[in-house]
Amino acid sequence: MGKRAARPTEQGDLFAAAELFPVRRPVERVRPVDLSLRIKTAMGEALKKSPKNAFAVAAEISEMTGRELTADALYAYTAPTKPEHDISLTRFVAFVRATGANWLWGVLVEDDGLIVLEGREAHLAQLGLLQQEQARITDQIKTLKGELKHAPVTVRRRGRT
């Protein structure tokens with residue numbers, strides 16, 4: 001009789017996304033003040049890079065939200081020296097849309113270990129994940145076939161009643 005192939009002792013977790021598709025890890029603890037400062041700084045950068053001036057962006061935000069917003073108020077939202085002026089989520093969404101700065105979403109979620117992908121990037125990431133899962137399953141099938149090839153088959157007879 002041939003030697004019996006050793007059985008693998010560790011089985012991978014099907015749902016362990018980190019093994020299949022490594023991503024960012026959450027930061028220990030982020031203070032709201034730090035996040036506020038980062039959002040204000042990023043919004044200021046987005047406003048500077050926007051082809052629209054602050055008056056046009058404020059007008060678009062006003063139109064989208066149905067609530068008046070002045071350019072001065074917009075500048076207060078982007079001023080790191082004015083911590084008492086944080087933008088609401090509704091206005092933030094309108095700001096992103098008005099400036100076209102979709103990268104701002106990444107600033108909001110990066111501390112939680114998340115990443116924002118859009119369009120083709122998201123599809124490529126999903127494709128990569130599926131290919132990694134496919135490779136893992138193919139390896140498991142090969143391992144099982146190898147074990148079955150070398151394992152003796154014992155036929156057990158049941159007693160008659």
Side-chain angles (χ1 to χ4, degrees), residues 6-144 146:
R7 278 190 95 179
T9 55
E10 293 183 26
Q11 181 175 355
D13 183 356
L14 271 174
F15 302 102
E19 289 178 8
L20 300 174
F21 195 76
V23 294
R24 296 180 186 161
R25 296 282 179 234
V27 176
E28 287 296 317
R29 181 119 12 221
V30 178
R31 295 183 345 203
V33 173
D34 296 337
L35 181 59
S36 175
L37 180 61
R38 280 205 328 261
I39 291 170
K40 286 177 173 295
T41 303
M43 286 177 61
E45 183 182 335
L47 193 56
K48 286 177 190 170
K49 289 180 177 179
S50 176
K52 302 171 190 166
N53 64 30
F55 296 99
V57 171
E60 277 191 51
I61 292 171
S62 297
E63 187 177 320
M64 283 187 243
T65 62
R67 293 171 41 211
E68 185 64 30
L69 180 71
T70 65
D72 287 339
L74 184 57
Y75 283 129
Y77 287 143
T78 62
T81 57
K82 297 193 182 242
E84 68 279 5
H85 291 283
D86 280 339
I87 193 165
S88 71
L89 182 57
T90 304
R91 283 188 170 165
F92 181 81
V93 170
F95 179 86
V96 170
R97 291 177 182 170
T99 59
N102 289 339
W103 57 269
L104 286 169
W105 293 112
V107 174
L108 291 182
V109 300
E110 67 188 356
D111 289 340
D112 294 312
L114 304 173
I115 188 166
V116 177
L117 302 173
E118 64 180 302
R120 191 160 193 259
E121 291 174 329
H123 290 197
L124 287 171
Q126 186 176 18
L127 175 63
L129 175 63
L130 290 172
Q131 287 174 331
Q132 286 179 355
E133 286 181 23
Q134 183 180 37
R136 183 185 51 76
I137 290 169
T138 299
D139 288 345
Q140 285 181 338
I141 290 171
K142 285 180 184 176
T143 300
L144 285 173

Non-neighbouring partners of Ile141 that pass side-chain contact (heavy atoms from CB on, under 4.5 Å), sequence neighbours left out: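 By the side-chain contact (heavy atoms from CB on, under 4.5 Å) rule, Ile141 matches Ile137, Lys145.
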Applying side-chain contact (heavy atoms from CB on, under 4.5 Å), can you list everything that pairs with Ala73, at least two apart in sequence or on another chain?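 Ala73 satisfies side-chain contact (heavy atoms from CB on, under 4.5 Å) with Leu69, Thr70 only.
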Nearest 0.5 Å, what's the [atom1]-[atom2] distance between [X] and [Y]?
X	Y	atom1	atom2	answer
Arg91	Met43	CZ	CE	10.5 Å
Ile39	Leu108	CD1	CG	5.0 Å
His123	Leu117	NE2	CG	10.5 Å
Gln131	Thr138	CD	OG1	11.5 Å
Leu104	Arg97	CG	CZ	13.0 Å
Leu129	Gln126	CG	CD	7.5 Å

Between Ser50 and Ala46 (side chain of the first, backbone of the second, donor and acceptor by atom type, cut-off under 3.5 Å), is there such a pair?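 Not a single qualifying donor-acceptor pair exists.
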Could you tell me whether a side-chain N or O of Asp112 sits under 3.5 Å from a main-chain N or O of Leu114, the two making a donor and an acceptor?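 No.
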Among all residues two or more places apart in sequence or in another chain, which pass the side-chain hydrogen bond (donor to acceptor under 3.5 Å, both in side chains) test with Lys82?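 In terms of side-chain hydrogen bond (donor to acceptor under 3.5 Å, both in side chains), with neighbours along the sequence ignored, Lys82 is linked to no residue.
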I'd like to check Lys40 versus Asp86 (side-chain heavy atoms, cut-off strictly below 4.5 Å). Are they in contact?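 Yes; the side chains approach each other to less than 4.5 Å.
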Just to verify, what does Glu45 make a salt bridge (Lys or Arg N to Asp or Glu O under 4.0 Å) with, not counting sequence neighbours?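 Lys49.
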Pairs where residues 56-68 contributes a residue and the test side chain to side chain donor-acceptor pair (under 3.5 Å) is met, not counting sequence neighbours: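 For residues 56-68: Lys52-Glu60.
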Show the numbers, then the answer: is there a side-chain contact (heavy atoms from CB on, under 4.5 Å) between Val109 and Ile115? CA-CA 7 Å; Val109 300; Ile115 188 166; over 6 Å; no
May I have all residue pairs that pass ring-ring contact (aromatic ring centres under 6.0 Å, His included) and include part of residues 67-101, sequence neighbours excluded?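 Every ring-ring contact (aromatic ring centres under 6.0 Å, His included) pair that includes a residue of residues 67-101, provided the two are not neighbours, is Phe92-Trp105.
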Leu74 and Ala54: which non-hydrogen atoms are nearest, and at how many Å?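 What the structure gives for the nearest pair is CD2-O, 3.6 Å.
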